[in-house]
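A quick note: this is a predicted structure, and the numbers were derived from the prediction, not measured.
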Amino acid sequence: MQIPAQFDYVRASTIEDALALLDRHGPESRVVAGGHSLLPMMKLRLARPEWLIDINDLYELDFILPEATQLRIGALTRHSTLLESADVARLFPIVIDAERVIADPIVRNRGTVGGSLCQADPAEDLATVCDVLRAQAVVRGPGGERILTMDEFHKGPYETAVAQNELLVEIRFPIRPRAGSAYEKVERRVGDWAVVAAGAAVNLAEDGSVDDVAIGLTAVGLDGTIAEAEAVLRGRRPSEELFEEAGRLAALASMPVADQRGPVDYKRHLADELTRRVLRRACARALETQTTTTQEG
């Protein structure tokens, strides 16, 4: 039988209350919101917290707020809320692409953005999305708030820079002109972890060349984005030839391992093909944004 070890439970009423509880109960306390990652680990005795601190009443962390230069998303925002947001779809279609292939509706209705990112699973979709969108993580603790880049936030598999007595409270996505983004995933069955997935974000210059680009891969042993593949596109007009070269370099940079989801060669092939696809779609979306902006102007 899969039964968690004994633990105590408390429900936080505010962010300050949650931080105080974390500080009081120390390293044997864990925060729970959706619980889709933590509770299975507890049932398998892979995690044995002495205290669970429920933060579902922290409604101040459940928001999607577009501003002039950034989109702010609270850490307690549910996946389903992101998927249904018109602002998210308009500004960052990559988020909608990813949310559609995260688990299933039941999980998306309860799972939170903050929970996904703090779990830091190497096959987690939103981590790659945040990488390519150059997102920032806002972390709050007893000493106040600090803002981290994704490189600073992610420390490795299942490890983040959030200290035991801190909370991830917000994610910020910078809004850029003439931007397009896309995400695509191959999975063994609907709702499964990725065999391989790819994400890309592109910003076009006024002349139609690539001003900036970020490319990321999921579940193939990479941290952050792939500089070698990105360098191929910067300053040049998008083309199939450039997409092919970027895909080839992304596959070379990947470090997959053979497992029940497939052999190494298959995963590298997917890294190549999916990189081409997301670059193609991201550039097309960026061009649509550029055309719409020009017409409105």
Side-chain angles (χ1 to χ4, degrees), residues 2 4 30-44 46-47 52 54-56 58 61-64 73-89 92-133 135 137 150 153-154 157-160 162 168 170-171 173 181-200 216-222 256 259-262 267 270-271 274 277-278 281:
Q2 296 180 342
R30 294 286 297 273
V31 165
V32 63
H36 293 292
S37 298
L38 178 59
L39 296 183
M41 293 176 67
M42 290 174 62
K43 288 180 179 181
L44 294 170
L46 297 175
L52 280 189
D54 191 329
I55 62 169
N56 278 291
L58 307 191
L61 298 184
D62 183 3
F63 61 85
I64 297 175
I73 297 175
L76 204 62
T77 304
R78 310 290 171 176
H79 293 291
S80 58
T81 305
L82 281 185
L83 189 55
E84 295 165 0
S85 169
D87 288 322
V88 173
F92 302 107
I94 185 176
V95 177
I96 305 302
D97 291 344
E99 287 293 347
R100 284 175 177 153
V101 294
I102 290 176
D104 54 45
I106 295 174
V107 171
R108 292 195 293 267
N109 284 339
R110 292 296 301 166
T112 64
V113 174
S116 292
L117 293 176
C118 287
Q119 178 67 9
D121 192 299
E124 203 282 313
D125 299 288
L126 281 188
T128 299
V129 170
C130 289
D131 282 339
V132 301
L133 292 179
M150 284 298 109
F153 179 81
H154 289 296
Y158 306 103
E159 185 181 2
T160 73
V162 181
L168 172 65
E170 184 178 326
I171 302 296
F173 296 109
S181 56
Y183 190 79
E184 189 155 339
K185 172 180 176 178
V186 169
E187 53 199 342
R188 293 183 301 172
R189 56 185 179 272
V190 174
D192 196 4
W193 296 107
V195 176
V196 179
L217 291 171
T218 305
V220 289
L222 294 179
D259 57 18
Q260 69 272 22
R261 291 186 170 88
K267 292 183 178 183
L270 290 178
L274 294 180
R277 292 184 189 181
V278 293
R281 193 184 311 157

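Partners of Arg277 by salt bridge (charged side-chain N to carboxylate O under 4.0 Å, His left out), not counting sequence neighbours, listed by chain and number: Glu184, Glu273. For Asp121, there are no salt bridge (charged side-chain N to carboxylate O under 4.0 Å, His left out) partners, not counting sequence neighbours. Applying the side-chain hydrogen bond (donor to acceptor under 3.5 Å, both in side chains) test to Arg100 and every residue at least two apart in sequence or in another chain returns nothing. Take Phe153 and apply the ring pair (Phe, Tyr, Trp, His ring centres under 6.0 Å) test, not counting sequence neighbours, and it matches no residue. Remark: Arg108 pairs with no residue by the side-chain hydrogen bond (donor to acceptor under 3.5 Å, both in side chains) rule, at least two apart or across chains. Partners of Asp54 under the side-chain hydrogen bond (donor to acceptor under 3.5 Å, both in side chains) rule, at least two apart in sequence or in another chain, are Tyr9, Arg11, Asn56.
Summarising the geometry, atom CH2 belonging to Trp193 is positioned 7.5 Å from atom CG belonging to Asp125; distances are rounded to the nearest 0.5 Å. With rounding to the nearest 0.5 angstrom, the OG1 atom of Thr77 is 8.0 Å from the CG atom of Leu61. Between the CG atom in Leu168 and the OG1 atom in Thr160 there is a gap of 8.0 Å [rounded to 0.5 Å]. Note that CG of Leu133 and OG of Ser181 are 5.5 Å apart. Values are rounded to the nearest 0.5 Å. Taken from OG1 in Thr112 to CG in Leu126, the straight-line distance is 10.0 Å, to the nearest 0.5 Å. Taking CG of Asp192 as the reference point, atom CG of Asp104 lies at 11.0 Å (rounded to 0.5 Å).
Annotation for Leu82 and Glu99: closest pair CD1-OE2, 3.3 Å, computed over non-hydrogen atoms. What you find for Val195 and Ala219 is that their closest heavy atoms are O-CB, 3.7 Å. Across all non-hydrogen atoms, the minimal contact from Ala194 to Thr218 is CB-CG2, 4.4 Å. Across all their heavy atoms, Ile64 and Ser85 have their closest contact at CD1-CB, 3.8 Å. Across every non-hydrogen atom of Tyr183 and Ala197, the tightest pair is OH-CB, 3.1 Å. Considering every non-hydrogen atom in both Ala33 and Ile55, the closest pair reads CB-CG1, 4.0 Å.
In Leu44, the CG atom is crowded: over 12 heavy atoms of neighbouring residues, nucleotides or ligands sit closer than 6.0 Å.
Not one N or O on the side chain of Arg30 forms a donor-acceptor pair closer than 3.5 Å with the backbone of Leu52.
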### Task
Please report the C-alpha distance between Arg188 and Gln260 in whole Å, then the side-chain angles of each, then the deciding distance to 0.1 Å, and finally whether the side-chain contact (heavy atoms from CB on, under 4.5 Å) criterion is met.
CA-CA 10 Å; Arg188 293 183 301 172; Gln260 69 272 22; 3.5 Å; yes

### Task
Let me see the working for Lys185 and Asp97 under side-chain contact (heavy atoms from CB on, under 4.5 Å), right down to the final yes or no.
CA-CA 9 Å; Lys185 172 180 176 178; Asp97 291 344; over 6 Å; no

### Chi angles and distances behind the side-chain contact (heavy atoms from CB on, under 4.5 Å) call for His79, Ser116
CA-CA 9 Å; His79 293 291; Ser116 292; 2.9 Å; yes

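The side-chain heavy atoms of Val186 and Val196, taken from C-beta on, include no pair separated by under 4.5 Å. In this structure, the side chains of Gln119 and Leu38 stay at 4.5 Å or more apart for every pair of heavy atoms.
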